[in-house]
Protein chains: 2
Amino acid sequence: MLNPAKPSDTNAPSHDQVYRQMRTRIMHGELAPGTALTLRGLGREFGVSMTPAREAIRRLAAEGALTLSSSGRVTTPDLGNDRIEELAALRGLLEPELASRALPRAHIALIDRLQVINQTIAEAISKQDPVAYLRTNLEFHRTLYLRAQAPAMLAMTETVWLQLGPTMCALYGRLRRTEPPQNHRTIIAALRAGDEPGLRLAVRTDVTQGLKMLVG
Amino acid sequence: MLNPAKPSDTNAPSHDQVYRQMRTRIMHGELAPGTALTLRGLGREFGVSMTPAREAIRRLAAEGALTLSSSGRVTTPDLGNDRIEELAALRGLLEPELASRALPRAHIALIDRLQVINQTIAEAISKQDPVAYLRTNLEFHRTLYLRAQAPAMLAMTETVWLQLGPTMCALYGRLRRTEPPQNHRTIIAALRAGDEPGLRLAVRTDVTQGLKMLVG
DNA sequence: GCATAGTTTATGTGATCACAAAATCACCAC
DNA sequence: GTGGTGATTTTGTGATCACATAAACTATGC
């Protein structure tokens with residue numbers, strides 16, 4: 001076997017499998033804010049004992065994806081407006097920097113891929129599928145930021161996405177948007193033109209505006 | 001008992017105690033890069049079983065304070081130059097923002113406290129005590145940033161400090177600096193003058209220059 | 001009907017064990 | 001000496017158990 005880390009790595013430690021599945025669930029907004037999770041419940045669901053479930057939970061809690069009560073009970077975070085604004089500011093700080101670093105390495109093939117993803121986003125919007133919208137929207141950003149060659153910065157940004165996941169779930173479930181992703185077109189245009197300040201602004205706008213309407 | 005969370009909380013979960021102690025050790029540069037840690041070793045050291053030690057380790061690994069090998073073995077991270085530069089860029093992005101947010105709330109009492117901490121830093125330098133220097137230096141920054149009322153942003157910044165801890169240990173153990181902290185005086189002056197752009201620049205300079213000389 | 005006290009259940013914490021894999025060490029051939 | 005090979009020890013992983021505490025429920029008294 002040439003590839004030791006296949007997509008579905010069945011010989012990976014089970015705590016890692018639990019961690020990864022729960023992580024994508026939370027980031028994609030499949031869990032509403034305040035959802036309660038239990039070690040034995042997760043263990044039953046994934047067919048493992050409490051031990052791997054506990055490690056996965058604590059790992060997610062360390063990244064801010066889960067909230068621990070004082071008695072150790074764990075729920076998805078239910079953020080207040082000030083915390084949401086702060087996380088939005090963090091996105092507005094980190095993501096333009098990532099985009100700027102990706103700009104010199106953004107070839108045609110990358111821009112084409114972004115356009116394809118953008119179409120998938122439009123489909124998710126027209127189908128009123130919040131989870132698919134959130135997943136493909138993050139895929140758009142991650143695809144761009146991967147070119148920045150800045151793994152620590154990208155990891156930190158994904159941590160912010162994680163923390164916002166349940167909030168996004170509640171947000172997109174509430175308001176039904178029908179607008180196509182205009183900001184993404186601006187981002188692609190700036191990439192094509194090699195316009196660095198324009199790219200920074202477009203990314204910052206895209207990242208900020210979606211969350212501004214929630215706290216209003 | 002009016003205060004349920006005393007400084008030395010002996011009734012806190014033991015995994016939390018192990019976590020906190022190891023966290024400050026790493027952040028203060030008491031562990032050299034590449035130091036190997038074992039579950040049973042930590043358990044013996046703290047008088048607990050493997051279980052709490054494991055949770056503490058995994059929590060620290062999730063924050064980037066520890067590196068896990070493919071076989072699950074855990075060491076303090078030994079960062080390459082590109083990763084150091086990236087983390088320095090992260091500090092240069094986050095900390096000026098925190099300082100800027102703290103500026104309108106920086107009263108005289110805070111500035112006085114910063115001056116006192118600055119004297120302690122000078123003492124640590126004259127005594128050639130790298131750990132005390134690192135600890136008081138971080139205390140200077142944290143004292144300022146606490147006023148920003150941005151807990152998520154501060155937590156993210158501390159995560160960066162954590163990741164840089166062992167590297168700082170190696171750095172300050174190598175080169176023997178004798179210069180007093182001039183950048184901190186510039187920061188304090190900008191705080192006094194209410195000079196927001198000057199403060200951002202001073203913080204960015206202080207944060208960046210210390211790490212630039214390492215990668216050179 | 002409702003609040004409250006007592007009981008029962010559910011849940012997190014920590015210890016211990018068995019197991020497999022990896023690292024270390026020792027020994028031996030060359 | 002040096003390189004490789006087998007045995008031994010170390011180490012992480014996961015399961016299971018006992019225990020304490022917090023939540024949920026129930027019954028009882030007013």
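Only this structure's heavy atoms are used, side chains among them; waters, hydrogens and symmetry mates stay out. Numbers restart at 1 for each chain; the letters A, B, ... are given by sequence-line order, proteins then strands.
Aromatic ring orientation, B:His184 versus B:Phe140: parallel (interplanar angle below 30°, classes split at 30° and 60°).
Judged by distance alone, with hydrogens and angles left aside, the side-chain atoms of A:Thr208 form no donor-acceptor pair with the main-chain N or O of A:Thr205 at under 3.5 Å. Proximity of a side-chain donor or acceptor of B:Thr35 to a complementary backbone N or O of B:Leu31 within less than 3.5 Å is not detected.
Between B:Glu158 and B:Arg23, at least one side-chain N (NZ, or NE/NH1/NH2) sits under 4.0 Å from a carboxylate O, which counts as a salt bridge.
Between B:Tyr19 and B:His15, the distance from one ring center to the other does not fall under 6.0 angstrom.
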Response to the item:
Each nucleotide of nucleotides 12-18 of chain C classed B (base within 4.0 Å of a protein heavy atom), S (only sugar-phosphate) or -, in 5' to 3' order, makes BBBBB--
